[in-house]
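Hydrogens, waters and symmetry mates play no part in the numbers below; they use all other heavy atoms, side chains included.
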Amino acid sequence: MSRSLVVKVTCGAEDAERSNQGFTVAAAAVAAGAPVSLWLTGEAAWLAVPGRAAAFDLPHATPVADLLGLVVEAGQVTVCSQCALRRGLTEGDLLPGVRIAGAAVFAEEILAPDAQAVVY
């Protein structure tokens, strides 16, 4: 599969179903062999902090920590630079393999040929 998927998750536990959908789609695309870039913005940025995704609970859903782990392992996970700054987060505060980047990198990814972007 050559088409890449960029998933932006803009919410965390305050909108658990929508947040979990974004993680589920990203992990499903990784499992299907697609190149995946998962962006965590707003309150979703907290889920890249060790232990936070494990505390996220949504009945009848695959745990976000498991979904996030799949994407970190086989794709790219990015926390929005402004969102990280507003929350006092640095790359040292995040799970190994998660980076911080800004709008220019996001725009580059979504404007790439054969890229598909979805926002949750």
Taking CD in Glu14 as the centre, count heavy atoms belonging to other residues, nucleotides or ligands within less than 6.0 Å. Is the count above 12? yes
Transitive ILVMFWY side-chain link Leu70 to Val77, under 4.5 Å: no
Tell me whether Thr24 contacts the main-chain N or O of Asn20 through its side chain, where contact means a donor paired with an acceptor under 3.5 Å. yes
Donor-acceptor pair, Asp93 side chain versus Thr90 backbone, under 3.5 Å? yes
Connected via hydrophobic side-chain network under 4.5 Å: Val6 and Val36: no
Distance (rounded to the nearest 0.5 Å) between Gln82 CD and Ile100 CD1: 12.5 Å
Sorted by chain and residue number, the side-chain contact (heavy atoms from CB on, under 4.5 Å) partners of Ala48 (sequence neighbours excluded) come out as Leu40, Val79, Leu94, Val98
Can you tell me how far the CG atom of Leu47 sits from the OG atom of Ser19, to the nearest 0.5 Å? 5.5 Å
Heavy-atom check, side chain of Arg18 versus side chain of Cys11, under 4.5 Å: yes
N/O donor to acceptor pairs below 3.5 angstrom from side-chain atoms of residues 102-120, sequence neighbours left out:
{"residue": "Glu109", "atom": "OE1", "partner": "Ser37", "partner atom": "OG", "Å": "2.5"}
{"residue": "Glu109", "atom": "OE1", "partner": "Trp39", "partner atom": "NE1", "Å": "2.9"}
{"residue": "Glu109", "atom": "OE2", "partner": "Arg99", "partner atom": "NH2", "Å": "2.6"}
{"residue": "Gln116", "atom": "OE1", "partner": "Arg3", "partner atom": "NH2", "Å": "2.6"}

Leu5 side, atom CG; Leu38 side, atom CG - distance, nearest 0.5 Å: 9.0 Å
I want to check something: taking the side chain as every heavy atom from C-beta on, are Val7 and Phe23 in contact at a cut-off of under 4.5 Å? no
Quick one, Leu95 with Val49, criterion side-chain contact (heavy atoms from CB on, under 4.5 Å). Give me CA distance, side-chain angles, the key distance, then yes/no. CA-CA 6 Å; Leu95 294 165; Val49 173; over 6 Å; no
Report the residue from Arg86, Arg52, Arg87 that forms a salt bridge (Lys or Arg N to Asp or Glu O under 4.0 Å) with Glu43. Arg87
Are the side chains of Val64 and Leu58 in contact, using a 4.5 Å heavy-atom criterion? no
